[in-house]
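What follows is a short report on a single structure.
Lettering of chains follows the sequences in order, A, B, ..., and the numbering in each one begins at 1.
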Amino acid sequence: MSRYNPKEVEPKWRAAWEKADAFRTRDDPSRPKYYVLEMFPYPSGKIHIGHVRNYAMGDVVARYKRARGYNVLHPMGWDAFGLPAENAAMQTGRHPRDWTLANIEAMRTQLKQMGLSIDWSREFATCEPGYYRHQQKLFLDFWKAGFVERRESYVNWDPVDMTVLANEQVIDGRGWRSGAPVERRKLAQWFFRITDKAEDLLAALDDGRLDGWPENVRTMQRNWIGKSKGLRMTFPFAPETTAPEGFDGVEVYTTRPDTLFGASFVAVAPDHPLAARFAASDPALADFVAECQRTGTSEEAIEKAEKKGKALPVRVAHPLMEGRTLPVFVANFILMGYGAGAIFGCPAHDQRDLDFARKYGLEVTPVVLPPGEDPKTFRIETEAYTGPGTIFNSDFLNGLSVEDAIEAAVAKIEKMGLGEGATVWRLRDWGVSRQRYWGCPIPAIHCEKCGVVPVPEKDLPVELPEVDAKEFETPGNPLERAADWLNVPCPDCGGPARRETDTMDTFVDSAWYFARFAAAREDAPVDKAKADYWLPVDQYIGGVEHAILHLLYARWFTRAMKETGHLSKVEEPFARLFTQGMVTHAAYKDLHGQWVAQEDVREPTPDEKARFEREIVPLWKAGRYVDFPGLFQLPAENEELRATLKTKFGVDGFIGAASGPFHAEPENWLCTEVNRVIGQLPSGVIPVAVFPNEKMSKSKKNVVSPESIAETYGADAARWFMLSDSPPERDVEWTDAGVAGAWRLVNRIWDIVEPAAGALKAHDFSKPPQTDDSIELRRLTHRAIAGVTEDIEHFRFNKAIARIYEFLNGLKKAPPAKRADGAPANGPRAEAYAQAEALSVLARLIAPFTPHLAEECWAHLGGEGFVCDAPWPEADPALLAQETVALGVQVNGKRRAEIVVPADADRQAVEAAALADEAVRRHVEGKTVRKIVVVPGRVVNIVAN
RNA sequence: GCGGACGUGGCGGAACUGGUAGACGCAACGGACUUAAAAUCCGUUGGGCGAAAGCCCGUGUGGGUUCGAGUCCCACCGCCCGCACCA
């Protein structure tokens with residue numbers, strides 16, 4: 001028997017596919033198309049196993065659809081612009097382009113080793129002028145169409161490095177390199193007016209256009225777009241207040257006008273004009289505003305900050321409560337970009353307002369009475385009530401429901417001429433400006449005389465200038481220092497002008513790449529006719545982390561491209577979406593909190609374990625510190641400590657060190673056992689903490705490279721393992737044992753197929769034998785077809801794989817051929833037929849998962865052509881029917897017996913069979929049967945007492 | 001803080017619309033083969049009690065609805081993702 005050798009077999013088939021150009025896609029309007037796309041990778045350096053999972057999923061779908069007769073498009077490219085390339089340039093002195101292109105080279109090679117059915121002829125990288133020139137054309141067309149706008153907005157400014165920081169470069173409010181507190185700074189920037197399309201972007205989530213999307217992603221997008229109906233109204237200044245010049249009150253926006261009578265303050269954003277007006281003459285207020293400005297620009301940072309405010313020297317009048325006036329605060333949790341940049345606070349019914357009111361001793365008047373509460377005793381303590389109820393303490397709104405009160409309050413304010421009902425969106429316009437080199441240049445020129453003018457189309461592309469790699473060591477944007485590139489004559493007047501130095505957000509690159517893959521043209525972003533054939537993407541696959549921004553931007557781009565004539569038919573870019581989970585892997589930390597590579601970690605020897613138990617544990621149990629070379633141990637073993645440890649460090653079983661940063665809090669240490677160590681006893685052994693499920697990253701030193709896996713087990717085993725076990729949408733933990741199991745499977749399949757060389761040639765599969773011979777095996781085969789097909793269709797690859805295992809287990813145990821009536825088979829022909837059929841089906845069912853092995857099996861069995869071109873097997877319904885079913889029998893809801901009945905047994909027969917069962921009789925003895933519930937094909941429940 | 005998911009044996013997970021909890025894989029243990037090991041094959045494996053038949057407990061925690069709850073409802077705990085300049 002020949003042993004299966006993936007090192008020979010896998011490259012052989014990849015070469016054969018390539019030679020035959022097996023995966024090149026041709027436009028063929030006569031066949032139904034299927035466009036499978038996985039989110040293209042950022043070329044970070046190496047493919048990691050998470051990529052393998054992502055692309056293996058897409059490949060299963062692509063190969064399956066191909067087998068089903070579709071004209072499949074499955075392209076690949078590179079999301080090649082972005083920050084990491086510039087960071088690498090700073091650290092290594094390598095030019096971002098060189099770094100990126102080298103990474104692409106390396107990753108392409110690795111990706112190709114995975115045996116993906118990709119049409120590589122369509123590959124591109126977004127950093128190529130051949131791609132971004134079209135993006136600049138789109139930008140110009142969008143600009144012409146009014147979708148582009150320049151306006152001021154805030155960035156994170158590092159005052160020491162004098163540079164703009166990305167949110168991820170702001171750590172605890174400080175610049176990651178300089179450590180200086182970050183400031184918010186206003187810059188003129190480019191925006192895409194995506195809010196103009198908010199209504200349609202929202203509507204499509206629910207009107208059927210996105211039925212192929214998971215509900216959770218649609219919900220997230222809905223919330224993100226955040227349409228809310230409310231009231232925009234003005235609080236006039238109180239009579240005793242001298243209104244500042246130019247202000248005739250404070251305009252606020254609220255979604256809860258029903259709570260107007262519970263208002264106890266008004267608050268404005270730190271960057272609200274009113275705040276600026278008073279800060280100009282009040283240093284303390286100016287300080288407070290500046291302090292708020294020091295919080296980063298991210299919504300998360302603002303929301304998490306402690307609620308703080310400062311009173312302004314004005315009061316406003318409550319328009320509905322005669323004589324009542326409210327204080328006006330500047331508060332750090334009000335966002336200028338949302339609504340009116342100002343709110344009225346109703347502490348009883350909003351948690352943030354309540355926290356704020358308690359801090360500043362403001363009134364808390366409940367106005368919504370929860371059902372069943374007594375208005376006399378109902379109090380708000382530390383928790384705001386945001387649920388439904390009846391309005392009280394509210395004059396003309398009393399007795400109304402929340403909904404009705406909202407309507408009534410809006411009507412009243414409108415009648416008083418103080419405001420009007422308004423719809424506001426949480427969605428903001430898309431700021432696309434980045435003050436960086438490594439991105440698509442924005443095709444604009446700033447002229448002293450003509451202002452901002454577009455680069456004429458004939459001058460596209462605006463290519464990135466050559467810049468010395470050393471330039472990246474200086475903070476700031478190298479484009480601003482590239483004088484030759486920067487200074488150009490104005491295209492309108494010919495006078496002196498400067499190029500725009502902002503480049504585009506990399507989300508722009510990925511907002512239309514799917515269209516380019518499908519319909520690239522030399523002289524235009526997309527070929528409309530081809531796009532009409534291929535779009536939308538039928539199945540899009542990627543991480544949930546992109547559930548909002550990337551997908552929303554691509555949806556907007558599709559609309560904008562349609563309106564500017566670049567696309568015609570497509571409504572939504574991605575018809576079906578699947579969001580897959582991450583791949584995690586164990587990571588290790590030493591006692592100084594430094595990540596340790598797995599290669600450096602080992603299990604302790606029995607000696608080391610014994611010594612630890614002998615010398616350390618008794619001392620620890622005696623309640624003493626242990627000062628062991630390099631180690632100490634903790635006095636107590638208790639659940640509380642363990643829990644603390646778990647929450648604080650996320651580890652199970654850990655050992656403290658006598659030195660290092662963690663020493664400060666020895667009460668947080670607990671030893672359970674030594675799982676993993678580095679170094680050697682007697683003096684140098686150092687236990688390490690095990691974090692079993694960490695997202696793979698270079699910094700954690702827990703990245704698993706598919707190369708080494710493919711080296712040992714082959715690409716098929718790696719693909720198989722990545723798809724088995726965990727459901728695709730969930731995170732999966734990479735374990736070495738897991739791949740080893742997959743490797744065993746590869747061999748098991750080969751061991752079954754190997755003895756059957758040429759088996760497919762001996763049978764005519766269009767003519768199954770008309771006998772009952774080997775019916776069991778044929779049933780097994782057809783159940784496997786039905787199950788695997790169903791599971792692939794529903795993206796349950798882990799279950800599809802489990803079914804293949806079941807098929808395989810059954811195939812090995814396949815009983816000697818028998819007729820259904822139990823008589824011996826009447827000849828070897830039918831048996832051989834069933835065997836050959838089973839193997840033929842097996843080769844085709846595994847083809848999407850382990851394509852190399854499948855080709856090898858197919859060729860060995862004598863199949864025609866490639867298995868990747870073979871049609872998907874069809875299950876024969878007649879062979880799927882069950883003759884008998886096993887039903888669980890419950891007595892009062894507890895399972896007591898199992899009965900086997902004919903599949904078509906009627907209710908009486910099932911009841912009789914259940915009651916006749918001996919175990920059942922024992923349990924109902926002495927009781928009266930009150931009711932028998934029969935769920936056909938499932939269960940029988942006898943209720944007796 | 002806000003929004004969205006998730007929580008089932010030693011581990012990854014399965015369980016369709018509320019109907020036999022633990023499919024399938026991993027690990028572990030026992031056995032076969034072998035001078036031996038690896039590989040392979042066969043078997044056992046949620047916990048407890050029991051010689052066995054069988055009984056009791058069991059899907060993060062506490063409550064509820066139901067003939068019946070992993071699944072539905074309420075509250076809580078834990079963990080993961082996103083929060084607009086990471087991609």
- Task: Quick one: sort the A/H550 and A/H546 rings into parallel, tilted or perpendicular, breaks at 30° and 60°.
- Result: perpendicular
- Where the chi angle of B/rG9 falls, syn if within 90° of 0 and anti if not: syn
Kindly point out which of [options] is positioned nearest to the side chain of [X]?
| X | options | answer |
| --- | --- | --- |
| A/L83 | B/rG25, B/rA87, B/rU20 | B/rA87 |
| A/V544 | B/rG19, B/rG25, B/rC81 | B/rC81 |
| A/K799 | B/rA14, B/rC67, B/rG19 | B/rA14 |

- Rounding to 0.5 Å, atoms CG (A/L549) and CZ (A/F507) come to a distance of 5.0 Å
Polar side-chain atom of [X] near backbone of [Y] as donor-acceptor pair, under 3.5 Å:
| X | Y | answer |
| --- | --- | --- |
| A/H349 | A/T386 | no |
| A/T503 | A/R436 | yes |
| A/D79 | A/D509 | no |

- Query: Just one of A/W78, A/Y513, A/F514, A/Y540 clears the ring-ring contact (aromatic ring centres under 6.0 Å, His included) bar with A/F40, so which one?
  - Reply: A/Y513
Do the side-chain N or O atoms of [X] get closer than 4.0 angstrom to the phosphate oxygens (OP1, OP2) of [N]?
| X | N | answer |
| --- | --- | --- |
| A/R730 | B/rA14 | yes |
| A/T219 | B/rG4 | no |
| A/K931 | B/rG68 | no |
| A/N167 | B/rA84 | yes |
| A/N798 | B/rA14 | yes |
| A/N223 | B/rG82 | no |

For the side chain of [X] and the base of [N], is some donor closer than 3.5 Å to an acceptor across the two?
| X | N | result |
| --- | --- | --- |
| A/Q189 | B/rC85 | yes |
| A/E168 | B/rC85 | no |
| A/E300 | B/rC83 | yes |
| A/D725 | B/rG12 | yes |
| A/R744 | B/rC26 | no |

Say you pick atom [atom1] in [N] and the same atom in [M]; how far apart are they, in whole Å?
| N | M | atom1 | value |
| --- | --- | --- | --- |
| B/rG47 | B/rU59 | P | 15 Å |
| B/rA39 | B/rA28 | P | 10 Å |
| B/rA53 | B/rA5 | P | 46 Å |

Distance in angstrom units between [X] [atom1] and [N] [atom2], rounded:
| X | N | atom1 | atom2 | answer |
| --- | --- | --- | --- | --- |
| A/F507 | B/rC86 | CZ | P | 8 Å |
| A/N87 | B/rC86 | CG | C1' | 9 Å |
| A/R796 | B/rC24 | CZ | P | 17 Å |
| A/R938 | B/rU71 | CZ | C1' | 13 Å |
| A/L808 | B/rA23 | CG | P | 18 Å |
| A/E806 | B/rG25 | CD | P | 8 Å |
| A/R803 | B/rA14 | CZ | P | 12 Å |
| A/Y553 | B/rC85 | OH | P | 5 Å |

- Task: Would you please indicate if the ring centroids of A/W720 and A/Y805 are separated by under 6.0 Å?
- Result: yes
- Task: Can you see which heavy atom on A/V788 is nearest to which on A/A800, and at what distance?
- Result: CG2-O, 3.8 Å
- Task: State, to 0.1 Å, how close A/Y154 and A/R184 come at their nearest heavy-atom pair, and which atoms those are.
- Result: CD2-CB, 3.7 Å
Using nucleotides 47-57 of chain B, report all nitrogen or oxygen pairs with the protein that are shorter than 3.5 Å.
residue: B/rC55; atom: OP1; partner: A/R896; partner atom: NH1; Å: 3.4
residue: B/rC55; atom: OP1; partner: A/H923; partner atom: NE2; Å: 2.6
residue: B/rC56; atom: OP1; partner: A/R896; partner atom: NH2; Å: 3.4
residue: B/rC56; atom: OP2; partner: A/R896; partner atom: NH1; Å: 3.0
residue: B/rC57; atom: OP2; partner: A/K894; partner atom: NZ; Å: 3.0

- Using a 4.0 Å heavy-atom cut-off across all strands, classify A/E729 as base, sugar-phosphate, or nothing. nothing
